[in-house]
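Take a look at the structure below.
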Amino acid sequence: MNGMIDGMNKFIAIVGSNSNKSTNRELLQYMKKHFQEQAEIELVEITGLSIFKKSIDKYVPQVARDIAERIENSDGVIIATPEYDHSIPAVLSSALAWLSYGIHPFVDKPVMITGASYGSLGSSRAQAQLRQILDSPELKARIMPSSEFLLGHSLEAFDENDNLKDEQIIQQLDGLFKDFLQFVDISKQLNNANTVNKQKAEEFSWDKD
Amino acid sequence: MKLIGIAGSIADQSYNRTLLQFIAKHFSGLVDVEVLDINDVPMFNQDDDQTDGAIIQNLCKKINSADGVIIATPEHNHSVPAALKNVIEWLSYEVHPLDGKPIMIVGASYHIQGSSRAQLHLRQILEAPGVNAIVLPGNEFLLGDVKTAFDDKGDLKDQRTVDFLQTTIQNFIKFAKVINMIGETNNYEEEDLSAQNGTDTTIKGIDMNADDWLDRAANKVSAAEGNDYVKLDSGLLTVNQLDYFLKTIPIELTYVDENNQFLYYNHSLPTEKMLAKRTPAQVGDALDKVHPNIGRVFKHVKQVISALRNGETDLVSMPIPGGDPQKHHVMHYYKAMHDDENNYKGVNEWAVDLKPIVDEYLKATGQKLVKDPNAKMDAMSGASKKTTEEKPEVEVDATSSASKH
């Protein structure tokens, strides 16, 4: 928990897209800048990761191990997901599969889900699926409950300085981020079962009878 | 019925692949299932569109020519595996082969859930507008505890499970038939009679509608000719020998490729004596150049080719009216051609006068013809399934592909 030293939380922000022009990346870049007084946000790209594939020796690519370590050392994770076919992109799904294959950086980690889409729905269905995915036994993240940040019409959402234009949306994001900071703090108090949970995730295997 | 099976796992050992292979084997009397491999599909990335690559094109072709798809999904982290989602992303970006395609979802998992949550996610994914597949409702087939489900031959051990699987597959066959019937009505519009799309054998850079296309195109590809040998699948002939052979076949043959380009006819008679009139200058023409754009001609041509291309029928036949019915009964046949992998390769069209054959038969067997008062004439079998008692429309004649009147 490096962030604790100077009192400021340190978050890993996962860009859920491998597209060069991603409004989800833009959203996270905006959050990093906009909340720089409140938290240290570090963007993580998943573009270099191959498609998840099981192997006998449970091989996990070094890129995934590096990301896992950064997540382990953070106070929480922010994910920005686009929506492809009512769901999260395969590249994000694949990254989460690597990040729960014999390594378990997400267990009990506070997660804030955000998402941007070109249309008006703002990746609502992808976010709903992402919640269920993060809730699975080998990820077992602590997703901030009762919160949703859906950025619709994302191509028109930012001004020329890469700031969100709509004051109401900014207010909503400010409120959610404040909640997330509190959620992270509360979460730190709720670690009694953490050791057990980690162990359970490690022992859990879809392969077992 | 032809189905494509996709196992949603790229793991070396996949029970979902085993399940599909069992379905393909055990129900071979009900359906023809071809299990496809998705191991080499690259990661979807908008910035690196590989839709035109062989892997996606092959998947697309196979799905297009199938009557339906069975997807067997494992469950990873409460959802479908990334590898399966990845394939669907490619198939909903620049190409949309799953659009309107009947799909059945099955799934196997190590635990008791049998991929239940992955199947629900998959349903949502397949319903997305870019995918727009039509998923069989209900009929959930969840195979839990899969490690103990198969015997060492890859057969499901539990008879009740096999029986239930059979019921769901029979339901899917009925469902797919109905869905495909709905889809049939409009897809012929997509046929491009101007042959602009091209195919891997289309000779580029030469105007296909030019009168001297044959010479120029042959020159461009340095075509075999004269005494050059051509190796066929069951013979070796020179080009001249092939010509002697084809010209003496007593029916008129026409070759139209999958790009709707008229490539060949067996030129033995002068144009005016042919049952379906062709001229040497027409060779190479796109189909819209060899049919008159009047009435419903183009529509009928499109319907015939679409029905053959999409496998709705293998053969379309139609009589050509006119002339003296006492002397002639000319039939046109349009037969779909396929390569070894069952990809549509075009139309083999032949025209033949059946009257001499029937006369020969009657003479040899000492019989004569009597009118059947209840007979219904089938003006155009295959593409449109209706029968009519009326005389075929004049336009029907003109629908014969690659003929000019």
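By convention in this document, chain letters (A, B, ...) are assigned in the order of the sequence lines, proteins followed by strands, and residues within each chain are numbered from 1.
In this structure a side-chain-to-backbone donor-acceptor pair under 3.5 Å is missing from B:E89 to A:Y84. Of the possible polar contacts, one joining the B:N45 side chain to the A:N18 backbone as a donor-acceptor pair under 3.5 Å is found.
Put simply, of A:A95, A:A128, A:S87, the one with the most heavy-atom pairs under 4.5 Å next to chain B is A:S87. With chain B as partner, the option from A:L134, A:I51, A:I56, A:T47 having the largest number of non-hydrogen pairs under 4.5 angstrom is A:I51. Each of B:P81, B:S92, B:S9, B:A11 has some count of heavy-atom pairs under 4.5 Å with chain A, and the biggest count is that of B:S92. Listed options A:S94, A:S55, A:S17 were ranked by heavy-atom pairs under 4.5 angstrom with chain B; first place goes to A:S94. For the set B:N86, B:L126, B:I125, the entry with the most heavy-atom pairs within less than 4.5 Å of chain A is B:I125.
The local environment of CD in B:E127 is sparse, with at most 12 non-hydrogen atoms from other residues, nucleotides or ligands closer than 6.0 Å. No more than 12 heavy atoms of other residues, nucleotides or ligands lie within 6.0 Å of NZ in B:K177, so this atom counts as exposed by the packing criterion. Counted within 6.0 Å of NZ on B:K62, heavy atoms from surrounding residues, nucleotides or ligands total more than 12; the atom is thus considered enclosed. Other residues, nucleotides and ligands place no more than 12 heavy atoms under 6.0 Å from the NZ atom of B:K153. Counted within 6.0 Å of CD on A:Q168, heavy atoms from surrounding residues, nucleotides or ligands total 12 or fewer; the atom is thus considered open. More than 12 heavy-atom neighbours from other residues, nucleotides or ligands sit within 6.0 angstrom of NZ on A:K33. By the 6.0 Å contact criterion, CD on A:E69 is open, its count of non-hydrogen atoms from other residues, nucleotides or ligands being 12 or less. For A:K21, the NZ atom counts as loosely surrounded, since its 6.0 Å shell holds 12 or fewer non-hydrogen atoms of other residues, nucleotides or ligands.
Separating the NE2 atom in B:H78 from the CD atom in A:E138 is a distance of 9.5 Å, to the nearest 0.5 Å.
There is no contact between B:V146 and chain A, counting heavy-atom distances below 4.5 Å. Within the 4.5 angstrom heavy-atom criterion, only backbone atoms of A:L49 (N, CA, C, O) approach chain B. Neither the backbone nor the side chain of B:P74 comes within less than 4.5 Å of any heavy atom in chain A. Using a 4.5 Å cut-off between heavy atoms, B:V41 contacts chain A through its backbone alone, with no side-chain atom that close. Contact of A:S50 with chain B is made through the backbone alone, with heavy-atom distances under 4.5 Å.
Ion pairing of A:K53 with B:D12 is present here, as a side-chain N (NZ or NE/NH1/NH2) and a carboxylate O approach within less than 4.0 Å.
Between B:Q46 and A:S19, the shortest heavy-atom contact is OE1-OG, 3.7 Å.
A 4.5 Å side-chain heavy-atom check between A:S100 and B:N77 finds at least one atom pair inside the cut-off. Using a 4.5 Å cut-off on side-chain heavy atoms (C-beta onward), A:Y101 and B:H76 make no contact. Side-chain contact between B:Q124 and A:Q129: present, with at least one pair of heavy atoms (C-beta onward) separated by less than 4.5 Å. Residues A:I88 and B:K85 form no side-chain contact, since every pair of their non-hydrogen atoms from C-beta on lies 4.5 Å or further apart.
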